[in-house]
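Following: one structure in structure tokens, then a few remarks.
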Amino acid sequence: MEEEFLLVDPVTGVAVNRAAEVVAIARDVFGLELEHELTGTQVETKTSVCRDADQVRRELRDLRRSVARAAREAGCRAIAVGAPPLGDTTGEITDGLRYRRIAREFGALAAQQLICGCHVHVAVPDREAAVQVCNHLRPWLPLLGAITANSPFSRGVDTGFASWRSMVWSRWPVSGPPPFFTSWHHYQDVCGTLLEAGTALDPAMIYWDVRPSDQWPTVEVRVSDVAASVDDTVLLAALARALVTKAVADVERGVEAVPVPVETLRQSCWRAARDGLAGHALDVLSGQLLPLRHQLDLLVCQLKPVLEANGDLPLVERGVRLLDRLGCGADRQRRAFRDGGTQALLNLLDLGAGDRPAHGVVEVKMGAEVDLSNSDELERRCAQAMDAGAEEVVLDLSDVAFFGSSGITALARIRVLGLERGVPISLVASAAVARTLRATAMDNLLPLRVRLETSLPTAG
């Protein structure tokens with residue numbers, strides 16, 4: 001997972017060129033290696049190769065907190081937003097041979113590249129498979145973009161788009177939904193033409209919304225704004241992994257992707273960027289204009305077997321509930337600005353908000369054993385979280401080796417308390433505890449996700 005963040009003045013919210021200071025502080029003080037971007041107003045984080053969505057959540061949360069602290073030390077704020085909501089939209093080009101060359105060749109396009117996205121890499125068997133997987137993912141690009149739409153403002157004015165970043169991004173010659181490719185050779189031929197024409201200076205400037213990575217044996221999903229919250233990013237990651245997993249299986253079974261014309265796909269992406277998840281866009285597979293929220297239900301239903309096999313279905317269902325309750329990032333920004341002006345907007349976007357429970361989702365983590373001696377503590381901590389206003393409680397039992405009958409009794413009482421207060425309760429458990437929960441049918445009462453213990457094979 002890769003996330004890009006914007007650096008702004010802590011009071012005015014105007015973009016500031018402080019990337020060099022933030023990168024240095026992150027390295028020297030927090031031991032975190034950040035990446036520079038094209039302009040000095042941005043920094044990028046990268047997770048390690050994650051084996052499950054829980055690991056994605058933990059790493060994203062920790063990375064956001066560290067970036068927020070490094071930015072504060074440098075006298076600025078780091079915010080999670082797809083495009084600068086306030087002030088000028090021009091930044092200083094980062095010093096470096098490649099960046100200076102891009103600035104020379106692309107002029108104002110480069111200087112106005114203050115937009116921030118989120119990229120999801122998912123392993124695939126080989127490059128031939130990567131091209132075919134991209135073909136299978138193309139129809140879902142409008143929906144993935146709408147889920148994370150998080151840039152409604154520019155220069156302090158509502159643009160009328162949920163993702164203004166998508167509109168700025170579309171000005172680059174190699175951007176948006178990719179063509180349909182018949183093979184890896186076809187993909188290479190087209191990329192070679194783009195490089196020969198100078199519309200892309202190197203393979204990294206093949207900026208399509210989904211593409212085979214030029215560095216790793218992965219498919220890279222690039223359509224999204226950097227998301228408003230870790231919850232939204234994890235939802236995107238889980239859906240992207242499930243889409244790629246299903247696509248790989250389809251390719252191996254000889255199922256061909258629908259060759260949706262790129263012009264049709266571009267129209268649907270434009271509409272999704274304008275409306276966000278609350279609006280409509282062309283379902284390019286059926287040819288019907290459908291609510292994007294309905295399209296999300298269709299996608300989750302289609303991916304349900306894969307999500308269950310990955311252990312991600314409860315997490316995805318929780319992410320969808322949060323979207324229903326709060327809207328996409330653009331909806332949240334508009335509410336914050338309407339109700340509290342500039343400072344409310346900046347407080348919403350500030351990565352420092354990661355030090356607080358995201359949208360009221362509170363994690364209660366237990367240690368090595370849950371038995372008669374501490375089952376009351378389990379119940380008490382969950383009740384305290386709900387008393388404090390938690391909108392959802394995730395009970396993390398992944399480090400628990402023994403879960404006794406008193407723990408089962410406590411879970412039953414916690415479930416009842418959650419039902420009484422309208423607070424969803426879900427479980428993350430080790431394999432050992434999961435067996436106990438299944439044996440007592442507790443997994444029928446509370447959503448259960450098992451944390452994997454084994455490492456994944458290396459993609460080749």
Side-chain angles (χ1 to χ4, degrees), residues 50-62 230-231 234-235 237-238 304 307-322 325 354-456:
C50 298
R51 65 185 185 185
D52 57 41
D54 271 334
Q55 184 181 356
V56 171
R57 178 188 293 279
R58 291 194 305 273
E59 292 199 19
L60 290 176
R61 183 184 59 204
D62 292 345
V230 168
D231 292 298
V234 173
L235 174 61
K304 187 173 182 179
L307 291 168
E308 287 179 329
N310 286 344
D312 288 344
L313 184 59
L315 180 149
V316 166
E317 290 174 338
R318 182 172 73 240
V320 172
R321 289 198 303 271
L322 285 171
R325 186 182 302 145
D355 289 327
R356 302 185 294 272
H359 306 310
V361 179
V362 177
E363 182 182 272
V364 175
K365 189 174 180 68
M366 297 298 289
E369 294 184 352
V370 176
D371 53 26
L372 187 61
S373 68
N374 63 356
S375 59
D376 287 346
E377 178 190 353
L378 170 65
E379 187 176 353
R380 177 181 57 78
R381 290 176 61 191
C382 289
Q384 285 178 339
M386 287 184 259
D387 289 342
E391 295 177 354
E392 182 161 1
V393 174
V394 179
L395 182 52
D396 188 348
L397 307 174
S398 57
D399 292 336
V400 175
F402 174 79
F403 198 84
S405 60
S406 57
I408 297 296
T409 302
L411 285 182
R413 290 197 293 261
I414 291 167
R415 174 180 175 270
V416 170
L417 188 60
L419 290 173
E420 290 174 348
R421 302 192 185 188
V423 178
I425 311 291
S426 61
L427 305 171
V428 179
S430 62
V433 171
R435 286 193 292 270
T436 301
L437 298 175
R438 287 169 177 151
T440 57
M442 186 55 68
D443 63 320
N444 292 330
L445 301 177
L446 294 172
L448 169 65
R449 187 154 37 93
V450 181
R451 177 162 294 167
L452 299 177
E453 302 295 340
T454 58
S455 58
L456 297 178

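Since the structure is predicted, the reported quantities are computational estimates derived from the model, not experimental observations.
- Rounding to the nearest 0.5 angstrom, the gap separating the CD atom in Glu369 from the OG atom in Ser375 is 12.5 Å.
- In this structure the side chain of Pro447 never reaches within 4.5 angstrom of the side chain of Glu317, judged on heavy atoms.
- Within the 4.5 Å cutoff, the side chain of Val394 has heavy atoms near those of the Arg318 side chain.
- Atom CG in Leu235 sits 7.5 Å away from atom CG in Leu315 (nearest 0.5 Å).
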Which pairs of donor and acceptor atoms, one on a side chain in residues 400-418, lie under 3.5 Å apart (sequence neighbours left out)?
from   : atom 1 : to     : atom 2 : distance (Å)
Ser406 : OG     : Asp371 : O      : 3.3
Ser406 : OG     : Leu372 : N      : 3.0
Thr409 : OG1    : Ser405 : O      : 3.2
Arg413 : NE     : Glu379 : OE1    : 2.8
Arg413 : NE     : Glu379 : OE2    : 3.1
Arg413 : NH2    : Glu379 : OE1    : 2.9
Arg415 : NE     : Leu445 : O      : 3.4

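- Rounding to the nearest 0.5 angstrom, the gap separating the CD atom in Gln384 from the CD atom in Glu377 is 9.0 Å.
- Put simply, CE on Met366 and CG on Asn374 are 4.5 Å apart, with the number rounded to the nearest 0.5 Å.
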Determine all donor-acceptor pairs shorter than 3.5 Å in which one atom belongs to a side chain in residues 437-444; sequence neighbours excluded.
from   : atom 1 : to     : atom 2 : distance (Å)
Thr440 : OG1    : Thr436 : O      : 3.0
Thr440 : OG1    : Leu437 : O      : 3.1

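- Here the CG-CG distance, from Leu448 to Leu313, works out to 11.5 Å after rounding to the nearest 0.5 Å.
- Separation of atoms CG (Leu397) and OG (Ser430) is listed at 7.5 Å; rounding is to 0.5 Å.
- For the salt bridge (charged side-chain N to carboxylate O under 4.0 Å, His left out) criterion with Asp396, the lone passing option out of Arg58, Arg381, Lys365 is Lys365.
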